[in-house]
Asker: 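Sharing a structure here in structure tokens format.
Below, all heavy atoms of this structure are taken into account, side chains as well, without hydrogens, waters or symmetry copies. Keep in mind the model is a prediction, meaning the values are calculated, not measured.
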Protein chains: 2
Amino acid sequence: MNDIICTVDVVLMTLKDSRLHVALLKRDHAPFAGLPALPGGYIRAAEDGDTQAAAARMLREKTGIDSPYLEQLATFSGRERDPRGWSLSVAYYALVPHELIERAGHPEVTLLPVDKVGELPFDHAHIVAAAVQRVRNKSSYSSLPVYLCGDSFTLPQLQAVYEAILGEPINKVSFRRKMEELDMVEPVAGAMETGKAHRPAQLYRLRECYSRNLSLTDRALNAKG
Amino acid sequence: MNDIICTVDVVLMTLKDSRLHVALLKRDHAPFAGLPALPGGYIRAAEDGDTQAAAARMLREKTGIDSPYLEQLATFSGRERDPRGWSLSVAYYALVPHELIERAGHPEVTLLPVDKVGELPFDHAHIVAAAVQRVRNKSSYSSLPVYLCGDSFTLPQLQAVYEAILGEPINKVSFRRKMEELDMVEPVAGAMETGKAHRPAQLYRLRECYSRNLSLTDRALNAKG
DNA sequence: ACAATAGTGTCTCTTAGACAATATCGA
DNA sequence: TCGATATTGTCTAAGAGACACTATTGT
């Protein structure tokens, strides 16, 4: 009665060498078996409560990661995108610290810089591009990038993360003012980053209340006009 | 093989009496036959190129409207939202001038203020709420509201539209500066709004290049902090 | 002339960015 | 002490909002 292929795909992103990377997996089934593609698969009505749950399951099964942040990106559909026929994929995106991927220890996961993705099966290159655009845009007015950091981090580190995503330097004073205003991080009392040959930096952590929700601002981080 | 119900739903909105309204239709099939709900229905793989085309078809068939602006909102899914079983609905939203709905002449279309929607079948109330939030948010930094105006309009009229959507007054000077900066409207040479007992206002129209694309700004229209 | 709203000039206040001064570590 | 980077203070410039003034219509 219903001849539509229903899938979810997840764009798992992280920061490595100060550049945004996307996680790809070699496909083990046709079509496009053997080619790297986004982790994804069929929605299983029997076991998935909704598409969000399906995406979380896919991420867990294929990469071993349980991401705190997993947001719906958009739905991609059409007759041409899958050689098997009319298909529909609900795409999600997740941001995690690099260590989390290492620790999950799924060696078949490969990380590719988002600007080096090139051709991918289906319309996955298109989905990745949409995800990157969403992350860039959302990072400019929210706390989204903290999900790329570990449990604790210094403000200069966090600023470097923002700069890596946005692709341009941010004024230090403005950045600190903005973080203050967003009120999303708090200093870890007494914890400093030591070992460097210079003044130690205060360690911060994400406030509990924002562990799965973003902190938003109506004024972008850097407005060049 | 695939037991997922695939549908699209459209949140068609307009401005009436300076308030945002949503178009609802009485359902003529079960489930919830007879109740007002969003225009929507099954995706037809045979005739719809993708979900966007399906949404446009739905809007055309059920309301007689061909909206210049039709954007994907999000996908709503789950086991519980439809009594028939696990379902997935790709939701779209459209903004049109009130006259366009009148002129289409589908009398079964009823307009309800978005804050008076109350209970609706499926999770349609939820979808409407998401659409309203999206429109409010997007209106604060883009030319989205011009789709609610007719072919030509005065700047005070347009400002009133923005104020109706955002729910708060906007500074007149700032608004005009912003419209200038967005560069999305152009004066219609020599055309003025006459007949009122005061100085006539210049008529404007949307620039050709923005007829189906938004003009964006990185600084919100009104920032209260 | 008067009421009413359109359109513009300008002042002030807020906020972003530049710059620089101070602080604190390891070597 | 020196080199390096963290953190903070302050000045300047750009943009937003307040206010008021001028313009143009119908009555």
Asker: Where the side chain of A/Pro156 is defined as all heavy atoms beyond and including C-beta, which of D/dT24, C/dG7, D/dA6 is the nearest nucleotide?
Answerer: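 Selected nucleotide (nearest to the side chain): D/dA6.
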Asker: Less than 4.0 Å between a side-chain N and a carboxylate O, is that true for B/Lys178 and B/Glu181?
Answerer: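 Result for this pair is yes, salt bridge flagged.
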Asker: May I ask you to decide whether B/Arg81 forms a salt bridge with A/Asp50, counting only side-chain N to carboxylate O separations under 4.0 Å?
Answerer: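 Not counted as a salt bridge, because no side-chain N and carboxylate O are separated by less than 4.0 Å.
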Asker: Parallel, tilted or perpendicular: which one describes the rings of A/Phe76 and A/His126, with boundaries at 30° and 60°?
Answerer: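 Geometry flag for A/His126 against A/Phe76: perpendicular rings.
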Asker: Compute the centroid of each ring, for A/Phe153 and then for A/Tyr204, and state whether the two points are separated by less than 6.0 Å.
Answerer: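 Aromatic pair excluded; centres sit 6.0 Å or further apart.
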Asker: Could you tell me the separation between the CE atom of A/Met192 and the P atom of D/dT5, rounded to a whole number of Å?
Answerer: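 Going from A/Met192 (CE) to D/dT5 (P), I get 17 Å.
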Asker: Judged by each residue's nearest nucleotide on DNA chain C, which is more toward the 5′ side, A/Thr194 or A/Arg177?
Answerer: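 The residue whose closest nucleotide sits nearer the 5' end is A/Arg177.
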Asker: Is the base of C/dG7 touched by the side chain of B/Lys172 through a donor-acceptor pair closer than 3.5 angstrom?
Answerer: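 Under the 3.5 Å cut-off, the side chain and the base do form a donor-acceptor pair.
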Asker: So which one's nearest nucleotide on DNA chain C is more toward 5', A/Ala197 or A/Glu181?
Answerer: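 So the residue in question is A/Glu181.
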Asker: Picking from C/dA23, C/dT5, D/dA16, which would you name as closest to the side chain of B/Arg199?
Answerer: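 That would be C/dT5.
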Asker: Please state how far atom NE2 in B/His198 lies from atom C1' in C/dA6, giving the value in whole angstrom units.
Answerer: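 These atoms are roughly 8 Å apart.
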Asker: Check this one for me: any side-chain N or O of A/Lys178 less than 4.0 Å away from OP1 or OP2 of C/dA16?
Answerer: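 Checking A/Lys178 against C/dA16: at least one side-chain N or O falls below 4.0 Å of OP1 or OP2.
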Asker: B/Leu203 CG to C/dT5 C1': how many Å, rounded?
Answerer: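 Value for this atom pair: 15 Å.
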Asker: Can you tell me the distance, in whole Å, between the CZ atom of A/Phe175 and the C1' atom of C/dT15?
Answerer: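 To the nearest whole Å, that distance equals 17 Å.
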Asker: Rounded to whole Å, how long is the line connecting atom CD of A/Gln159 with atom C1' of D/dT8?
Answerer: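 Nearest whole value for this atom pair: 14 Å.
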Asker: Counting only side-chain N and O atoms of B/Arg176, is one of them less than 4.0 Å from OP1 or OP2 of C/dG7?
Answerer: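 For C/dG7, OP1/OP2 do have a side-chain N/O of B/Arg176 under 4.0 Å.
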Asker: Considering just the side-chain nitrogens and oxygens of B/Asn171, establish if one lies under 4.0 Å of OP1 or OP2 belonging to D/dA16.
Answerer: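 So the side chain of B/Asn171 is outside the cut-off, no N or O lying under 4.0 Å from OP1 or OP2 of D/dA16.
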Asker: Given atom CG of B/Leu155 and atom C1' of C/dT8, what is their separation to the nearest angstrom?
Answerer: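 Nearest whole value for this atom pair: 13 Å.
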Asker: Taking only the side-chain heavy atoms of A/Pro200 (C-beta and beyond), determine which of C/dT24, D/dA23, C/dA18 contains the nearest atom.
Answerer: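 Nearest listed nucleotide: C/dT24.
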Asker: 5'-most contact on DNA chain D: A/Val173 or A/Ala201, nearest heavy atom basis?
Answerer: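 It is A/Ala201, whose closest nucleotide lies nearer the 5' terminus.
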Asker: I'd like to know if the side chain of A/Tyr92 pairs up with that of A/Thr51 as donor and acceptor (distance under 3.5 Å, no hydrogens or angles considered).
Answerer: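 The answer is yes; a qualifying pair exists.
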Asker: Roughly, in whole Å, what's the span from CD in A/Glu193 to C1' in C/dT24?
Answerer: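 It is 13 Å, rounded to the nearest whole Å.
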Asker: What is the separation between atom CD on A/Glu180 and atom C1' on C/dA16, rounded to the nearest whole Å?
Answerer: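 Rounded to whole Å, this separation is 16 Å.
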